[in-house]
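Bear in mind the structure is a predicted one, so any value in this text is a computation, not a measurement. Heavy atoms only: backbone and side chains are in, while hydrogens, waters and symmetry mates are out. Here is the naming used below: chain letters follow the sequence lines, and residue numbers restart at 1 for every chain.
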Amino acid sequence: MPFSYEKDRGRMQPSSDVKIPDNHPLSSTKALESFGNELLAWYDEHKRELPWRTSPSLYKTVVSEFMLQQTRVSTVLPYFDGWMEKFPDFASLASASEEKVVKAWEGLGYYSRARNLRKLAKEIQAFDAPPEDPETWQTFPGVGPYVAAAVTSINFGTPAAVADGNVVRILTRIFAHDEQFRDGATAQRKLRPLAQALLNENNPGDHNQAVMELGATVCHRRSPLCLTCPVLKFCQAGQCGDAETYPIIDKRKVERLSIDRLWIVRDNALLLNRIPDDSKRLAGLYELPCPEDFPENIRPKNTLHLATKRRAIANQSIEERILRAELEGNRELSDDTNLEFIPFEKLNEVTLSGPHRKWVKELQKKLELA
DNA sequence: AACACGGGGCT
DNA sequence: AGCCCAGTGTT
């Protein structure tokens, strides 16, 4: 390990316990200042035009940061403007129904983000003015160390450094930090004090955004564009042509599983399974039912293979077979199941998980033609 | 500390 | 097919 620092104790203030080794290009105060300035100059010149950057506001920042958790900019882009039209401010979001809010999030994934964002909107109504410190922000639902630092630095200039995946990549490369981390979250936690030590306190918001922008557009995980990097001269790994080696994070094992899904149509309606509200996963959303979703006395029969789909969820690799089927007899579904026939013309009113929305559209079209 | 949570894009 | 992305909450 090229340098050491003590454990982060959750402080957002500059960490005096971070020691940069004397032989590193960033060891002097002057170099640190130069680093901050050149990063900011690069950002001013090269930042992307993004909808939450044009006429920015606290609300836009919060919405974008929620949407961007574990989610790429290109994925968020098709949602952001529509969201702002449906829910232009905290007040409109706070008074909207949860169903409507989750429906607007359909396809983005991690649906608890939408519920937490709505809860946050309600909680923030109780303030005369929004809090400007990361500690208070972290008490809001769905707000952790990253969002707290991002929101307060960008909107209020609060000197709180963000430590996300981009920051981990950039810092481990700049310092050729060869510590092996058990997972990304651990790396972020451990590197936060260093990020704080490098923060440009003249403009914490832009500094944070500049680091993330650099990570997203130059300091890629694979094949980083070191030759165009504005801070190459401060980067030990980059100068060794070695950037791709960092960070060193343990891999998680991928679990493989196979699921059957049933396509059952009756009276121009499609049978869907509504996932219970108390479910950890996809609560309140609809999916094509699995055989296990049916009560003992009703078994789907006459199955015919329609398609096989593959996708990944977290560390799971899933193969899903879609089977056309019929319910035996003309049995009514009892109320204690979560199965509902949804008329095709009302399919757009319910919230489907992303892949199921896609599959249903595909199969509907395919079967109409057949 | 370990795990669950969605979905998609890139290699 | 694996990897990871502007992470957070729960156990």
Proximity to the side chain of A:Val147 - top-ranked nucleotide from C:dT11, C:dG7, C:dA6: C:dG7
Does the side chain of A:Leu68 come within less than 4.5 Å of A:Val73's, by heavy atoms? yes
Measuring from the side chain of A:Arg281 (C-beta onward, heavy atoms only), which nucleotide among C:dA6, B:dC5, C:dT8 has the closest atom? B:dC5
Regarding A:Thr54 and A:Lys60, do their side chains bring together a donor and an acceptor under 3.5 Å, going by distance alone? no
Centre-to-centre under 6.0 Å for A:Phe140 and A:Phe127, is that the case here? yes
With distance as the sole criterion, do the side chain of A:Tyr146 and the base of C:dG7 form a donor-acceptor contact below 3.5 Å? no
If you assign each of A:Ser317 and A:Tyr110 to its closest nucleotide in DNA chain C, which residue comes earlier from the 5' end? A:Ser317
Hey, does A:Ile249 reach any base, or is it just sugar-phosphate, or nothing, if we go heavy atoms under 4.0 Å? nothing
Starting the side chain at C-beta, find the nucleotide from B:dA1, C:dA6, B:dG6 nearest to A:Arg189. B:dA1
Looking at residues 251-260 of chain A, who's got a heavy atom less than 4.0 Å off DNA chain C? A:Lys251, A:Arg256
By nearest-nucleotide position on DNA chain B, the 5'-leaning member of A:Ser112 and A:Ser223 is A:Ser112
Please classify the nucleic acid contact of A:Trp105 as base, sugar-phosphate, or nothing, using heavy-atom distances under 4.0 Å. nothing
For the C1' atoms, the ones on B:dG9 and on C:dT8, what distance do you get once it is rounded to whole angstrom? 23 Å
For C:dA6 versus B:dA4, give the span between their P atoms, rounded off to a whole number of Å. 23 Å
P spacing across the pair C:dC3 / B:dC3, given as an integer number of angstrom: 16 Å
Using the ring of each side chain (for Trp, its six-membered ring), is A:Trp83 parallel, tilted or perpendicular to A:Trp105, with breaks at 30° and 60°? perpendicular
Taking the same atom, C1', in B:dG8 and in C:dG9, what whole-Å distance lies between them? 23 Å
Mind checking if A:Val167 touches a base, just sugar-phosphate, or nothing, with heavy atoms under 4.0 Å? nothing
Name every residue in residues 63-75 of chain A that has at least one heavy atom under 4.0 Å from any atom of DNA chain B, in order of residue number, or write none if there are no such residues. A:Gln70, A:Thr71, A:Arg72
Assuming nearest nucleotide by heavy-atom distance, tell me which of A:Thr186 and A:Ile313 is located more 5' along DNA chain B. A:Thr186
Per nearest nucleotide of DNA chain C, the residue lying toward the 5' end, A:Met212 or A:Asn116, is A:Met212
Other residues, nucleotides, ligands: >12 heavy atoms within 6.0 Å of A:Asp44 CG: yes
Here the distance between atom P of B:dG9 and atom CG of A:Leu108, to the nearest Å, is 12 Å
